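Structure first, then comments.
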Amino acid sequence: MTAGSDSILELLPMVFAAPSEALAGAREVLDGDPTPFRASVAHHAIGMWQRDFGDLRLALRHLRLARDLAARADSADREADVLGTLGVALVHAGRTRQGLEAFERGISRGTGQTRARVLYRRAYVWWVLGRHREALEDVRRAIPVLRQVDDVIWTARAITLRATVHLALGAVDRADADFAAAELLWETTGQEHDKADAVESRGLAAFRSGDIPVALQLLDEAAEMYAKLTTPTFMLTIRRCEVLMSAGLAGEALAQADTAVGLLDGIGGQSTRKAELLLVAARAARLADDPHTAIARAAVAVRLFAAQRRTWWQTHAQLVLIEARLAAGRASGRLVADAAAVADRLAAFGSPSAPEASLLAGRIALALGWTADAERHLAVAARSRRGGPPLARMTGWAAQALRAQAAGSGRGVLEACRRGLDVLDDHRTTLGASELRARATAQGAELAALAQRASLASGGPRRLLVWSERWRATALSTPPTRPPADPILLSGLTAFREIAARAEKARMEGRPVPALEREQRRLEREIRSRTLHMRGDSPGEGDRFDPTRLLARLGAGRLVELAVVDGRVHALLCGEGRVRRFEAGLLAEAMSEAEHVQAGLRRLAHPGADARLPVVEAAGRRLEELLLGEAAQHLGSGPVVVVPPGRLHRVPWALLPSLRDRVLSVSPSAGGWLRALDTEPPSGGRTVLVRGPGLATNGAEVPDLAGRYGRPTVLEHDDAEVPRVLAELDGATLAHIAAHGAFRADSPLFSSLSMADGPLIVHDFERLARSPYRIILSSCDTARLASVGADELLGLVTALLPLGTAGVIASSAPVNDAAVVPLMLALHKGLSTGLSLAEALRDARAALPRDAMHRATGWAFTAFGAA
C-alpha cells in the first residue's frame with residue numbers, strides 16, 4: 001500500500017455513516033493530484049454513493065474507473081474490493097451476467113478479509129436474484145473470516161443479510177436472532193445508514209411475524225434516520241407498502257409505490273429496485289380491486305425480472321399477474337396450468353407464497369368445473385393452515401373451505417371458515433388503531449362469504465344470521481387503544497387544529513391556502529402514523545353472538561338484519577322468538593337508489609323545493625322493496641332495529657314507508673346493539689351543551705336547552721375549544737353538540753366538528769376514557785361513514801359506540817340549519833320525559849311542520865344504538 005492509504009480508505013465506510021461528507025471528501029481528493037490508489041478509492045466512494053443514492057449510470061462509470069486505477073496501482077485487494085462493488089451495481093442495472101463475472105474475478109483476486117467482503121457482496125446479489133441457498137452459502141463462508149479479523153462493520157452487514165435471507169425463506173425465528181446480534185454490533189459503530197437499515201430490517205421481521213403496529217413503528221423510525229442522512233429510501237418504501245397492504249391499506253400502498261417509481265426514474269436509479277417497486281404496485285392494485293392496473297404493472301415487472309435473470313422474483317410477479325387476470329374475468333385452462341407451474345417453482349424456491357399459488361390454481365379450476373384438478377391444488381394449499389404467520393394460515397383455511405364446498409360438505413365449509421376467521425381474530429387483537437382493525441377484516445371477506453353461502457344453502461335463517469354477524473362491524477366490538485400520554489400525538493393534534501382553523505379562515509376571506517393545505521396534509525400523515533403504531537390490548541375473542549339472547553332481549557320489538565349473499569339482499573327478521581328470512585332486491589340496485597335519495601334530500605334542504613317531495617317519497621318506496629321485501633309486512637307494532645351492511649349506511653331509514661312512523665334505531669351489528677343495550681349510564685347525570693362557530697342559526701337551540709336542563713355545562717364562544725370540550729364530554733350522561741360537521745371520504749378518521757379553535761376530529765374522540773352515554777350531533781353529515789374491510793365502517797358515529805356511548809343521534813345528509821332547531825327542541829322535550837333517543841326522535845319528527853324542508857330534515861337524522 002502507498003503512504004496515506006489507511007486514511008483514504010476511511011472514505012468507503014463513511015458512505016454509509018455520513019453520505020454527504022463522504023461524497024464531498026472523495027471529490028476533494030480527485031480535485032488534487034492523487035495517486036492511482038487514492039484516485040481508485042475516491043472513484044470507488046463516489047460510485048458507491050451514486051449506486052445507492054443517485055444515478056446508476058454514473059455509478060458504473062466511476063466504478064470502472066476505480067477498477068482500472070486499482071489495476072494501475074498494482075493492488076490486487078484494491079481491485080477485488082472494487083470488483084465486488086461493481087458486481088452489485090451491474091446486477092442492479094440489469095446486467096446480471098456481467099455482474100456475476102465481476103464477482104468471480106474479485107473472489108479470485110482477493111485474499112483474506114477482502115475476499116470475505118466480496119463473498120458478502122455476492123451473497124447480497126444472490127438474495128437480490130432470489131437464489132437464497134447460494135446467498136446463505138456465501139455469507140456463511142464470509143462471516144468466520146470477518147469475525148476472525150474483528151471487522152465489526154462487515155460482520156454486522158453479513159449477519160443482517162443472513163437474517164434477511166432467513167426471512168425470505170420464512171424462518172422468522174432465525175431472522176430475529178440474527179437481527180438482534182447485528183443490532184448489538186451496529187451500536188458499536190458510527191455507520192448511521194447501516195443502523196437505519198438494521199432498524200428497517202427489524203421492521204420487516206416484525207411484519208413477517210404478524211406484528212403490524214411494531215413493523216410500522218420501526219419502519220417510520222428508519223425513515224426518520226434516513227431523512228437525517230438525506231438518502232433515498234426505495235427499499236423502505238417497498239417494505240412499508242407490504243405492511244400497508246397486509247393492513248388493508250392497498251390504495252395507499254399503490255400510491256406510494258407509483259410515486260417511488262417516478263422518483264427512481266427521475267434519478268436514473270437501480271433497474272432492480274424499479275422492478276421490485278412495480279411488483280409491489282401490482283400487488284397493491286390487485287388488492288385495491290384494480291385488476292387492469294395490476295396487470296399492467298405486473299407484466300412490466302415480469303419482463304424486467306426476466307431480463308435481470310431474477311427467476312425467484314419473476315415467478316412472484318407471474319403469480320400476481322395470474323391473480324390479476326383472474327380478477328379481470330380471464331379464467332381459462334391455460335391460467336390453471338400457469339398457476340400450477342408457478343406454485344411448483346415457488347415451492348422449489350422455498351417461498352412462503354407457494355400455498356397462495358396453489359390456492360389460486362385450485363380456485364380457477366373450481367370456476368371451470370375441474371373438480372379433480374381443483375382438489376389436487378387445494379389439498380396442497382390447505383397444508384399451510386397448520387402453521388406459519390396468520391395470513392398464511394388463513395390461506396390454508398380458505399383452501400380447506402373450498403375443498404369442502406366442492407365436496408358438498410356444508411359442515412366442512414363452516415368449520416374451515418370458523419377456524420380461518422379465528423386466526424384473523426387473533427391477528428386483529430394485536431392492532432390498536434381502529435382503522436387497522438377495520439381494514440384488516442378484508443382478509444377474511446372470502447371466508448365470511450363462503451360461510452354465508454353455505455348457511456343459505458344448507459341451514460336455516462338463524463344460522464345465516466349467526467354468520468352474518470360473525471364478520472360484521474367487528475372493529476366496534478372493543479375500543480381502540482388510546483395513548484393519552486403520547487406527547488408527540490397530542491402536539492400533532494394541536495398543530496393540526498391550528499393549521500386547519502387558519503386555512504378555513506383564509507378560505508372564507510378569499511385568500512390562497514396551498515401552503516396551509518400542504519402543512520395540514522403533512523400533520524395528518526404524522527397523526528395517522530402515530531395512531532397506526534399502537535398495539536392492541538384487548539385479549540381473547542370477546543362474546544360470541546347468541547341469537548337466543550337477542551330474541552329474548554327484543555321483547556315486542558323487531559330487529560331486521562340485512563345480509564348480502566352473492567349480490568342479493570336477504571332480510572333476516574328477528575322477533576317473536578324466531579328468525580325468518582325474506583328475499584329482497586339486488587344490492588347494486590339498492591345502492592343506486594340510496595344515492596338518488598341522498599341527492600333528493602340535499603335539494604329538499606333548501607326552501608322552495610316542495611315539488612321534489614313526491615319524487616323522494618317514491619324513491620323511499622322503491623328502497624323499501626329492494627331492502628326489506630315482504631319483511632316490511634311483518635314488522636309488528638313495536639320498535640324496530642335495522643342492521644344494514646356497511647355499503648348501505650347512507651340510507652335514511654325513516655324515509656321508508658313501513659318505518660316512517662315507528663320507533664326506529666340503526667346499529668352496525670346485532671351484537672353491537674346488544675352491547676349498547678347493556679351499557680349502563682354513568683353516575684352523576686351530567687349534561688353538556690356545546691355550540692360551535694359559524695352556524696346560520698348560531699346554534700339557537702342551545703340557550704333554550706340550557707334553561708330546560710337546569711344547570712348543564714354550556715360551552716360556547718371561546719369556551720368551545722377542543723381541549724375543554726373533550727374534558728367535559730368525558731363521562732357525561734348526555735351531550736348535545738351544535739356545530740358544522742364535515743365528512744372526509746378520503747380519510748374518515750379526520751371527519752370533524754368545527755369548534756372555536758379548529759376541528760374536533762375522530763382521533764380526538766378516541767382519546768376519551770368514556771364518551772358520553774348519549775350524544776346528539778346537531779350537524780350535517782355526522783352519520784356519514786366510510787365502508788372498509790369486509791363489512792366495517794369508519795367515521796364519527798362508529799368511533800363513539802365502542803367508547804361507552806350507547807346512543808347517538810346524527811345526520812346522514814346536509815340539513816337546513818333553521819329546520820334543525822325545532823327538531824332538536826322537540827327531541828329534547830321527549831328525552832326530558834324519559835323517552836329513549838329513538839322514541840324521542842320519532843315524536844320530534846311528528847311534531848315538525850309538514851313542509852318538504854322540515855320533513856327532509858327529520859328523515860336525515862337517525863338514532864344509532866340502543867339508549
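Computation of the quantities below employed the complete heavy-atom set of this structure, encompassing side-chain atoms and omitting hydrogens, waters and symmetry-equivalent molecules. These figures come from a predicted structure and were not determined experimentally.
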Notebook entry, point to check: Does any non-hydrogen side-chain atom of Val641 lie less than 4.5 Å from one of Val560?
Noted result: no
Hey, are Thr395 and Ser384 close enough side-chain-wise for a donor-acceptor pair under 3.5 Å? no
Criterion side chain to side chain contact (heavy atoms under 4.5 Å, CB included) on Trp673 and Val642, from CA distance to verdict:
CA-CA 10 Å; Trp673 181 78; Val642 177; over 6 Å; no
Item checked: Leu623 side chain near Leu655 side chain, heavy-atom distance below 4.5 Å -> no
Margin query: Quick one, Arg386 with Arg393, criterion side chain to side chain contact (heavy atoms under 4.5 Å, CB included). Give me CA distance, side-chain angles, the key distance, then yes/no.
Written below: CA-CA 6 Å; Arg386 299 301 184 188; Arg393 282 180 282 150; over 6 Å; no
Note: Ser669 and Arg675 closest approach over all heavy atoms is OG-NH2, 4.2 Å
Under 4.5 Å between any side-chain heavy atoms of Leu465 and Phe545, yes or no? yes
To the nearest 0.5 Å, atom CG of Leu648 lies from atom CH2 of Trp653 at 5.5 Å
Taking every heavy atom of Leu378 against every heavy atom of Leu366, the minimum-distance pair comes out as CD1-CD1, 4.0 Å
* Close side-chain approach of Arg286 to Pro291, heavy-atom, < 4.5 Å -> no
- Do Arg462 and Thr548 have side-chain atoms, one donor and one acceptor, less than 3.5 Å apart? yes
Closest heavy-atom pair, Ser455 versus Arg463, reported as atoms and distance to 0.1 Å, is OG-CG, 3.5 Å
* Would a 4.5 Å heavy-atom cut-off, applied to side chains only, mark Phe861 and Val815 as touching? -> yes
Salt bridge (charged side-chain N to carboxylate O under 4.0 Å, His left out) pairs touching residues 551-560, sequence neighbours excluded, are Arg553-Asp678, Arg558-Glu576
dist Leu421:CG -> Glu446:CD (nearest 0.5 Å) comes out at 10.5 Å
When you look at CD of Glu630, are more than 12 heavy atoms from neighbouring residues, nucleotides or ligands closer to it than 6.0 Å? no
Could you tell me whether the side chain of Leu573 reaches within less than 4.5 Å of the side chain of Phe582, counting heavy atoms only? yes
Between Tyr773 and Thr733 the two heavy atoms that sit nearest each other are CB-O, 3.4 Å
Rounding to 0.5 Å, atoms OG (Ser811) and CD1 (Ile776) come to a distance of 13.5 Å
Partner of Leu464 under side-chain contact (heavy atoms from CB on, under 4.5 Å), picked from Arg453, Glu561, Glu469, Arg581, is Arg581
Residues pairing under salt bridge (charged side-chain N to carboxylate O under 4.0 Å, His left out) where one sits in residues 592-601, two or more places apart or in two chains, turn out to be Glu593-Arg622
Task: Expected output: side-chain Arg662 to main-chain Val640 donor-acceptor under 3.5 Å - done: no
Residues passing the side chain to side chain donor-acceptor pair (under 3.5 Å) test with Asp290, sequence neighbours excluded, are Thr293
- [ ] Report the C-alpha distance between Ile737 and Ile775 in whole Å, list the side-chain angles of each, state the deciding distance to 0.1 Å, and finish with yes or no for side chain to side chain contact (heavy atoms under 4.5 Å, CB included).
- [x] CA-CA 8 Å; Ile737 303 178; Ile775 185 164; 4.1 Å; yes
On a heavy-atom basis, the closest approach of Leu677 and Ala866 is N-CB, 3.7 Å
Residues at least two apart in sequence or cross-chain that pass side chain to side chain donor-acceptor pair (under 3.5 Å) with Arg774, listed by chain then number, are none
Quiz prompt | Side-chain heavy atoms of Leu753 within contact of Leu777, under 4.5 Å | solution = yes
Value for CZ (Phe743) from OG (Ser779), rounded to nearest 0.5 Å, stands at 14.5 Å
Within the side chain of Arg363, is there an N or O that forms a donor-acceptor pair under 3.5 Å with the backbone of Leu326?
no
The reported gap from CG in Asp730 to OG in Ser771 (rounded to nearest 0.5 angstrom) is 8.5 Å
One should read off an interatomic distance between Trp859 CH2 and Leu659 CG, to the nearest 0.5 angstrom, of 13.0 Å
Do the side chain of Gln598 and the main chain of Arg650 share a donor and acceptor less than 3.5 angstrom apart? yes
Leu841 and Leu827 have their tightest heavy-atom pair at N-CD1, 3.5 Å
Mark yes or no for whether His649, through its side chain, and Gly646, through its backbone, hold a donor-acceptor pair below 3.5 Å. yes
Contacts of Ser358 meeting side chain to side chain donor-acceptor pair (under 3.5 Å) (sequence neighbours excluded), chain-then-number -> none
Notebook entry, point to check: Are any non-hydrogen side-chain atoms of Val651 and Leu627 less than 4.5 angstrom apart?
Noted result: yes
Leu587 vs Arg647, test: side chain to side chain contact (heavy atoms under 4.5 Å, CB included). Steps then yes/no. CA-CA 9 Å; Leu587 175 65; Arg647 286 166 289 181; 3.4 Å; yes
For residues 397-416, the side chain to side chain donor-acceptor pair (under 3.5 Å) pairs (sequence neighbours left out) are Glu375-Arg403, Gln400-Arg403, Glu415-Arg418
*Under a 4.0 Å N-O cut-off, is there an ion pair linking Asp422 with Arg470?*
yes
